[in-house]
Structure formats: C-alpha cells, structure tokens
Amino acid sequence: MAEIKSKMVKNKDFLTLKDYSAHEIMHIIGLASKLKKDRNLYKELLKGKNIAMLFDKHSTRTRLSFEAGISQLGGNCIYLSSENLQMKRGETIEDSARMFGRYLDGLVIRTFAQKTVEAFAEHSGITVINGLTDTYHPCQALSDLFTIYDAGLLEKKLKFTYLGDCNNVSNSLMIGFAKLGLDITIGCSSKYEPAREILEYISGISQESGSRIILKYDPAEAVSGADIVYTDVWVSMGDAHSDEKIAELSKFQINEKLLAYASPDVKVMHCLPAHREMEITSEVLDGKHSIVWDQAENRLHAQKALLVFLYSG
Ligand code: CP
C-alpha cells in the first residue's frame, strides 16, 4: 500500500475516484443509465480515435467491456500485452509513455503499482484510465455504484456490506461510498482490515460528506439487515496464496446461512471472477438474490459513460 498517497491529477484521467466529485460520479452514473437503454448513443464519439489497453495482469471483464465499449462508441482499440513491449526489456515507463502519447488518444492500464498509471498519465499527455492496480479498481467501483443505482438502491438508507478481503476493490468502493455520503459496512478479520491510509483519507472526506465506515469482525453482525452484500476473491492477482488467510476469512463466506441475517430482499454482488465454494457458494452465486451477471454487464455501460465523460467537449 506504499503508493496509496496518490497525487492530484486533473480530470483528463481516471486514476482513482479520489479525483472525482460526487457530482461527477452521479453525472457518469446518469450517462450509464442512458447508454444502457440505448447502445447506439454517442456511436461516433470516438471516431478516428485510437485507445490502447496495456495489461500486465489477466482480465476478462475489463478487457472485453472496454474493447466492446470503445468499438460501440466508434473508436479503435489496440490491445497490448506488456510481455511483447520493449518495457519488458528495460525501456522506461517515462520514455514509453512519451511515445504512446504521440500515437494514441487514450490508454487503459492494468498493472501492479498505482505510481505506474500516474507516471503514464503525467508523461503521455493523453487520457489514462486505471483498469486495476494493486491499490485501486476505480472502474469496478464506478460500475458497481451504477449497478446499485440501477437496482433502485443508491440512497442514504442503503445498508451495504462488503465482506472478506480488504483489497483494491474495497478501497475503491469505500472511496466511492464516502464521496456520495453513503455508509459502508466492512465485515473483515482484524488481521486483514482496510489499510490505515485509506481509512484516514476517508475519515477526512467523510466529515464533509457525512458518510461512515463501520468495521465489524462478526460476519452475522456485519450482514444483519443488509440490503446488499458484496464480496471478492480472498487472494488478489499478484498476491501469494495463503492457507492461513483463507482459514481466517472462511467465516465471511457468503452462503445461505449467513444471508439469513440480511434483509429478505438482499442483493448479492461479486465483481468476479469468483472462487465458488470459497468466498461465495454456488447456491448463492446462482441463486435468487444474486445480481452478479447484471453487475458484470454494467461494466460495459459504466465504462462507456466514463469515456463519454472524458472525451466529450
Ligand atoms: N472484475 C474484473 O475486473 O474482472 P476481470 O479481472 O476479468 O477484468
């Protein structure tokens, strides 16, 4: 979490939700809602524009939804695996970024360090979108806020519980919720709490927005009365497998027994990919409370909305 203190960037980029106001987030969510109803909207917005996707880590949803979304907006998408680039042989990020800026109109990056996406944004001069780093996954959180809005639940009285590992997804969800002035409950082990830097940042903005982060170490208490229960994998990409961590988090598995503590109409979210029978059972993932497939679809609409926001006007 060393890179967590992200510097301010102007809004030509989307590196972290820290850089976006509640008004901007809600504007993008409103655009996503329109784009979900009509996929032909803004279909020439990116005509003549080339946007590259530079991925250091695996991806299914992020890659596909950006590629489809850029195409639906009339743009051209170029997928780059870092394996084949000269950066792999030592060309610096700064030199690479300067080149990218001469050829491209935008760049979606999935990588390890947050400082890498910041360096690309600084040295390329083009729009850079964070497609996931070890610290943040802002596209996922933005899309999840849209999913909650689309389900009619994005309101002050929402009880939203995130369960399990505190990672890049929970970091971005906490920031998004705090920006919108909404409470978020985190059900986690005391050994794997949210990073102190994230809690401090959110405490700073929560005083203004009025939102709270509620930490619960007991899963039943965390889920009690929840309108939405959300989880993610317990071992993130790039992290070493740990039997100890999995055992520690096992009581936070979303299963029917735990879900009985939530609201009878509870919705279940998972950013996917899921490890079935680990952080969530198949019975729940495929069951009546699950909205994970809508959630996955909404990556397309939310990211198209983000592109419209970044490239309009
Ligand atoms: N949720 C998510 O980012 O999925 P991918 O890793 O498949 O892109």
Side-chain angles (χ1 to χ4, degrees), residues 14-17 28-29 32 36 51-72 77-83 106-114 116-117 128-151 160 162-177 184 228-241 254 267-276 278-280 282 284-286 290-307:
F14 186 66
L15 306 187
T16 155
L17 282 168
I28 296 167
I29 287 172
K36 186 168 184 174
I51 298 179
M53 319 251 304
L54 173 60
F55 277 38
D56 279 334
K57 294 181 176 181
H58 293 101
S59 172
T60 300
R61 279 144 290 270
T62 307
R63 177 178 173 180
L64 270 176
S65 54
F66 265 113
E67 288 198 15
I70 290 165
S71 167
Q72 287 174 19
C77 190
I78 302 162
Y79 181 76
L80 301 167
S81 165
S82 56
E83 283 297 315
L107 190 58
V108 182
I109 306 178
R110 170 166 285 203
T111 189
F112 297 89
Q114 182 70 15
T116 301
V117 292
V128 172
I129 295 172
N130 180 353
L132 178 147
T133 63
D134 291 345
T135 314
Y136 299 120
H137 196 353
C139 289
Q140 183 69 55
L142 180 69
S143 175
D144 292 339
L145 288 169
F146 169 55
T147 296
I148 298 166
Y149 170 88
D150 205 37
F160 179 95
Y162 178 93
L163 281 181
D165 190 29
C166 295
N167 58 16
N168 46 10
V169 171
S170 61
N171 287 344
S172 290
L173 284 169
M174 286 192 286
I175 294 168
F177 270 67
I184 183 167
I228 300 176
V229 180
Y230 189 120
T231 194
D232 189 10
V233 293
W234 290 340
V235 181
S236 293
M237 276 186 288
D239 289 354
H241 179 89
I254 305 185
K267 307 287 183 224
V268 173
M269 296 177 71
H270 189 311
C271 58
L272 302 177
H275 289 153
R276 288 170 181 259
M278 193 177 281
E279 73 275 1
I280 190 165
S282 285
V284 171
L285 194 67
D286 299 325
S290 172
I291 55 169
V292 300
W293 314 114
D294 291 334
Q295 180 185 0
E297 178 192 324
N298 287 337
R299 295 291 303 274
L300 173 70
H301 311 303
Q303 288 160 192
K304 280 176 74 181
L306 174 66
L307 291 165

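Whatever order the structure lists ligands and atoms in, that order sets their numbers, starting from 1. Side chains are part of it too, since the values below use all heavy atoms of this structure and drop only hydrogens, waters and symmetry mates. Throughout, residue positions are numbered sequentially from 1 according to the sequence presented. Since we're looking at a predicted model, the values are computed, not measured.
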Protein residues that have a heavy atom under 4.0 Å from any atom of ligand 1, sorted by chain and number: Ser59, Thr60, Arg61, Thr62, Arg110, His137, Gln140, Cys271, Leu272, Arg299

Could you tell me whether the side chains of Asn168 and Gln140 share a donor-acceptor contact shorter than 3.5 Å? no

List the atom of Gly176, the atom of Leu145, and the distance in Å for their closest heavy-atom pair. CA-CD1, 4.1 Å

Is the Lys NZ or Arg CZ of Arg63 less than 6.0 Å from the centre of Phe55's six-membered ring, within 45° of the axis? no

Name the residue from Lys36, Gln295, His301 that meets the side-chain hydrogen bond (donor to acceptor under 3.5 Å, both in side chains) definition with Asp150. Lys36

Over all heavy atoms of both residues, which pair between Thr133 and Lys57 is shortest? Give the atoms and the distance, please. C-NZ, 4.4 Å

Can you classify the ring geometry of Phe160 versus Tyr230 as parallel (below 30°), tilted (30 to 60°) or perpendicular (above 60°)? tilted

